[in-house]
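Before we start, here is the structure in question, set down as structure tokens.
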Amino acid sequence: MVTLYWEEEIETLPRQGLESIQLKRLQRLVARMYHKVLPYREKMDALGVKPEDITSLADLQRLPFTTKDDLRDNYPFGLFASPMDSVVRVHASSGTTGKPTVVGYTEKDIDLWATVMARALVCAGATSGDMIHNAYGYGLFTGGLGVHYGVEKLGATVIPASGGNSKRQITLMQDFGSSILLCTPSYALNLADAMRDMGVNPERLSLKVGVFGAEPWSKNMREEVEKKLHIQAVDIYGLSEVMGPGVGMECLASSGGMHVFEDHFLPEIIDPDTGEVLPPGEEGELVFTTLTKEAFPLIRYRTKDISRLYYDTCTCGRTLVRMEKVTGRTDDMLIIRGVNVFPSQIEHVLMGIDGVEPHYQIVVERQGNLDTMQVLVEVSGAVFSDEIRRLETLTRRIQKDIKDILGVTAKVKLVEPKTIQRSEGKALRVIDKRKI
Ligand code: DLL
């Protein structure tokens, strides 16, 4: 049976009804956070706001923001609002330095996540009859397991392929008759190329839809992937801190923009410089308040992602606000083959190694469909004139430390002192040559 919505009543609720649910949930959340999470209480006290001051959704603006720094300062579990014995799972994503950002889920949170992911899959036209090929990575990354539980909730069949080994992925898709593919958009292009190399005609596969996200992708890339794989491609948005995949999802009918499941994740757009809330339709930084999460709720989390919000009703009938395709970030975070990388993490690695100067540059390129990262590292004069063998050992050590901490392979090139251009203002740490 073709289902149009997973939870029709809430997905099509007129705004007034939705806002009244949001307000009740917000009030409950703020009271809970104030009493259970000390750092939140301290921040609210510093601003002179008490839970009972939240009497309308507009009062959200009186509440303090939460940033990745707050997560780092309270690493690993300091912002959890539930006791650890009720936390059934943790995930992690990149922090800005050596330590990751850790998030936790109670059993109820996992069920909520599966529910929003089921909603997202239905937005992509999925039904219980689908064979869903999940090539998002399984592990600390939220992509694999987040999608997995959503597919099971929907009652469809999940193929937990995880990332890598394209040949095997394609064979599975052929043999099992996969109808929906989930992976990063760059990996989708990779799979298309691998099919060509294997002599597999995508038109002869059962694939009809691709659900791509976890990294930015342009309209051009959408056209390319749709043409190469003979599918319709839709965008899925999410971030570990807020939940994982399934925070926002494009529907097949939409002319662009992803529905935000705002009965659980309340979005705002702010001016990243002043922190002021911007009116609907204006571009700015996306901020989320998680209204119903138990273990790791967040108030006004600054995502650093740039987008806009549209409140008109979509042709699919959903009244849920839509967010525009993420157009960039307010910070310098890069996403390399689906892995979030902060230049500050690389700096952290380099600073832990003797003989390395605090001057480096990261060059990112897209070769074919694969992102590559090269790190140019200045070394002291004494090190540079060392024997080749020692330089090679140092290069390998840096490469290994980057791989260990960031989880991505980088090419490392040692360069002579004073080769990397000095800047007078902000150092130019990243040269991103990708044309996404
Ligand atoms: O990437 C969760 C996810 C998994 C989303 C699978 C979609 C599919 P993180 O690793 O925490 O979580 O990275 C979150 O990735 O702040 C954005 O900068 C970026 N991002 C996620 N989805 C999109 C998208 C997952 N559709 C960070 N378009 C976010 C552009 C995206 N950027």
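These numbers were taken from a predicted model, which means no experiment stands behind them. Atoms within a ligand are numbered from 1 in the order they appear, just like the ligands themselves. Only heavy atoms go into these numbers, but all of them, side chains included; no hydrogens, no water, no symmetry mates.
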**Message:** Students should find this: residues with any non-hydrogen atom under 4.0 Å from ligand 1. What is the answer?
**Reply:** Ser93, Tyr136, Phe141, Thr142, Gly143, Gly213, Ala214, Glu215, Pro216, Asp235, Ile236, Tyr237, Gly238, Leu239, Ser240, Glu241, Pro245, Asp305, Val326, Arg329, Met333, Ile335, Asn340

**Asked** Quick one: does Leu112's side chain get under 4.5 Å of Met243's, heavy atoms only?
**Response**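 The answer is yes, as the side chains (C-beta and beyond) meet within the 4.5 Å cut-off.
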
**Request:** Return the set of residues passing salt bridge (Lys or Arg N to Asp or Glu O under 4.0 Å) with Asp271 (not counting sequence neighbours), or none when no residue passes.
**Result:**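 By the salt bridge (Lys or Arg N to Asp or Glu O under 4.0 Å) rule, Asp271 matches no residue at all.
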
**Prompt:** How would you list, by chain and number, every residue that makes a side-chain contact (heavy atoms from CB on, under 4.5 Å) with Pro51, sequence neighbours excluded?
**Reply:** Val30, Ala31, Tyr34, Met44

**Message:** Going by the rule salt bridge (Lys or Arg N to Asp or Glu O under 4.0 Å), which residues pair with Glu7 if we only count those two or more places apart in sequence or in a different chain?
**Reply:** Arg119

**Shortest non-hydrogen contact from Val234 toward Glu250** = CA-OE1, 3.3 Å

**Spacing of Met195 atom CE and Leu229 atom CG [to the nearest 0.5 Å]** =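 Answer for the CE-CG pair, Met195 versus Leu229, is 5.0 Å.
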
